[in-house]
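Position 1 is the first residue of the sequence, and the numbers go up from there.
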Amino acid sequence: MNLQKLFDLQRQLDERIEQEHPRKPGEDRLAKKNLALLVELGELANEWRGFKFWSHDQEPRTEEKIYCRYCGGQGEGYFAGHTWTGKKEKCIFCNGTGIMGVKNPLLEKYVDGLYFLFSIGLEENIGILDEVDVCQSDDITSQFLELFDTISNLPYDISEYPYIFGLYLGLGEMLGFTWEEIEESYFKKNRENHERQNNGY
Ligand SMILES: O=c1ccn([C@H]2C[C@H](O)[C@@H](COP(=O)(O)O)O2)c(=O)[nH]1
């Protein structure tokens with residue numbers, strides 16, 4: 001596990017965001033990043049679904065089709081490439097399948113949380129943690145609850161940061177992710193985050 005690489009990318013992204021969205025006087029960015037992390041954690045729990053005892057579908061959302069944005073998932077349209085033809089043609093962008101690929105919403109949400117976790121570390125000048133003790137509760141629900149609890153308290157007790165990091169890595173393992181998958185998804189999201197800034201997000 002090489003945290004340095006991700007940490008360096010995070011620093012570059014955060015510096016860019018700071019330039020594009022300068023801090024207002026007195027703005028508490030730690031509080032905002034902390035809330036953002038809690039929001040991502042909630043969204044992650046929603047993609048995991050394992051706590052939804054009221055539903056027959058408690059399976060994690062690990063596969064979701066990405067529909068072709070050119071034909072709206074139809075596989076055909078009244079165009080050839082970008083040119084309007086007036087008669088139905090097979091979409092050349094998805095080869096008529098209507099589908100551009102598959103994504104893993106559970107992993108993507110996990111990685112969004114990791115972004116904010118790194119960003120909080122940078123905000124507080126914590127630097128790279130030399131060693132992370134991966135922590136795991138008895139079950140995933142308890143792991144989420146422990147994370148919500150400790151993250152909510154983080155602005156008042158930043159010394160909990162390494163413990164939270166260990167809990168977050170522990171959660172990743174419990175959700176079945178390898179570090180390689182996490183890294184790959186982080187790099188992909190990094191490109192998207194920069195594109196968003198290019199496009200005035
Ligand atoms: O200072 C910041 C602000 C945002 N993000 C990234 C983390 C997530 O990948 C993404 C969340 O964006 P939304 O989709 O929630 O808008 O932005 C950072 O890395 N640093």
Side-chain angles (χ1 to χ4, degrees), residues 1-7 9-10 13 33-75 91 93-121 129 132-152 163-196 201:
M1 184 192 307
N2 183 355
L3 294 180
Q4 182 75 49
K5 235 190 310 182
L6 304 196
F7 196 78
L9 289 175
Q10 187 72 49
L13 176 66
K33 288 181 183 185
N34 215 57
L35 176 58
L37 175 55
L38 287 166
V39 169
E40 298 295 352
L41 196 61
E43 291 181 1
L44 176 64
N46 230 21
E47 299 294 354
W48 169 56
R49 296 184 68 82
F51 64 100
K52 294 183 183 256
F53 61 87
W54 57 90
S55 171
H56 289 296
D57 179 6
Q58 294 179 36
E59 288 305 305
R61 298 293 187 249
T62 53
E63 268 187 32
E64 195 178 286
K65 287 178 188 145
I66 304 168
Y67 291 103
C68 177
R69 65 174 180 274
Y70 299 98
C71 64
Q74 299 300 306
C91 176
F93 296 104
C94 61
N95 200 22
T97 62
I99 291 158
M100 292 296 246
V102 200
K103 63 177 189 168
N104 181 341
L106 187 73
L107 179 59
E108 287 182 12
K109 273 297 144 206
Y110 180 80
V111 164
D112 276 332
L114 192 58
Y115 264 87
F116 283 113
L117 200 49
F118 275 121
S119 192
I120 289 170
L129 301 172
V132 183
D133 286 329
V134 175
C135 298
Q136 288 179 343
S137 315
D138 291 341
D139 56 70
I140 297 179
T141 299
S142 310
Q143 188 81 359
F144 269 110
L145 289 174
E146 181 66 3
L147 272 161
F148 275 114
D149 190 28
T150 47
I151 293 168
S152 301
Y163 174 56
I164 291 172
F165 211 98
L167 280 173
Y168 203 77
L169 293 187
L171 177 64
E173 282 181 15
M174 291 169 100
L175 294 176
F177 304 137
T178 64
W179 182 249
E180 288 70 30
E181 278 177 313
I182 293 169
E183 261 193 342
E184 195 186 311
S185 179
Y186 188 97
F187 297 145
K188 185 166 165 272
K189 184 66 190 226
N190 188 53
R191 288 190 291 276
E192 281 172 26
N193 278 332
H194 277 285
E195 269 164 33
R196 283 172 162 190
Y201 183 67

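When each of L117, N34, I120 is paired with I151, the side chain to side chain contact (heavy atoms under 4.5 Å, CB included) condition holds for N34 and for no other.
Crowding of E192 atom CD: a count of heavy atoms from other residues, nucleotides or ligands under 6.0 Å exceeding 12. More than 12 heavy atoms of other residues, nucleotides or ligands lie within 6.0 Å of CG in D139, so this atom counts as buried by the packing criterion. Around the CD atom of E63, the shell of radius 6.0 Å holds no more than 12 heavy atoms that belong to other residues, nucleotides or ligands. Heavy-atom contacts from other residues, nucleotides or ligands closer than 6.0 Å to CG of D138 number 12 or fewer.
Ring pair Y70/F93 is parallel by interplanar angle, where below 30° counts as parallel and above 60° as perpendicular.
Of the possible donor and acceptor atoms, one in the side chain of Q143 sits under 3.5 Å from a partner among the backbone N and O of C135. Although no hydrogens or angles enter the test, the distance criterion places no donor-acceptor pair under 3.5 Å between the side chain of S185 and the main chain of I182. Using a distance-only test at 3.5 Å, with no hydrogens or angles considered, no donor-acceptor pair links the side chain of N95 to the main chain of T97. Judged by distance alone, the side chain of E47 and the main-chain N or O of R61 form no donor-acceptor pair under 3.5 Å.
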(message) E59 vs R49, test: salt bridge (Lys or Arg N to Asp or Glu O under 4.0 Å). Steps then yes/no.
(response) CA-CA 6 Å; E59 288 305 305; R49 296 184 68 82; over 6 Å; no

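Within the 4.5 Å cutoff, the side chain of K52 has heavy atoms near those of the N46 side chain. The shortest distance between side-chain heavy atoms of N190 and Y115 falls below 4.5 Å. Between L44 and L106, some side-chain heavy-atom pair lies under the 4.5 Å cut-off. You'll find the side chain of W179 reaches within 4.5 Å of the side chain of L169, heavy atoms only. Within the 4.5 Å cutoff, side-chain heavy atoms of Y163 are placed close to those of E146. Counting heavy atoms from C-beta on, the side chains of K33 and L37 never come closer than 4.5 Å. In this structure, I164 and L147 have side chains that are in contact, with non-hydrogen atoms separated by less than 4.5 Å. Looking at heavy atoms from C-beta onward, F144 lies in side-chain contact with W48 at the 4.5 angstrom threshold.
In terms of heavy-atom proximity, I99 sits nearest to K65 at CD1-CD, 3.5 Å.
Ring to ring, Y110 and Y186 are not that close: their centroids are 6.0 angstrom or more apart.
Considering OG of S119 and CG of L114, their distance stands at 11.0 Å, rounded to 0.5 Å. Here the straight-line distance linking atom OG of S142 with atom CG of L171 works out to 11.5 Å at 0.5 Å rounding.
Taking the salt bridge (charged side-chain N to carboxylate O under 4.0 Å, His left out) definition, one finds that E108 meets it with K188, sequence neighbours left out.
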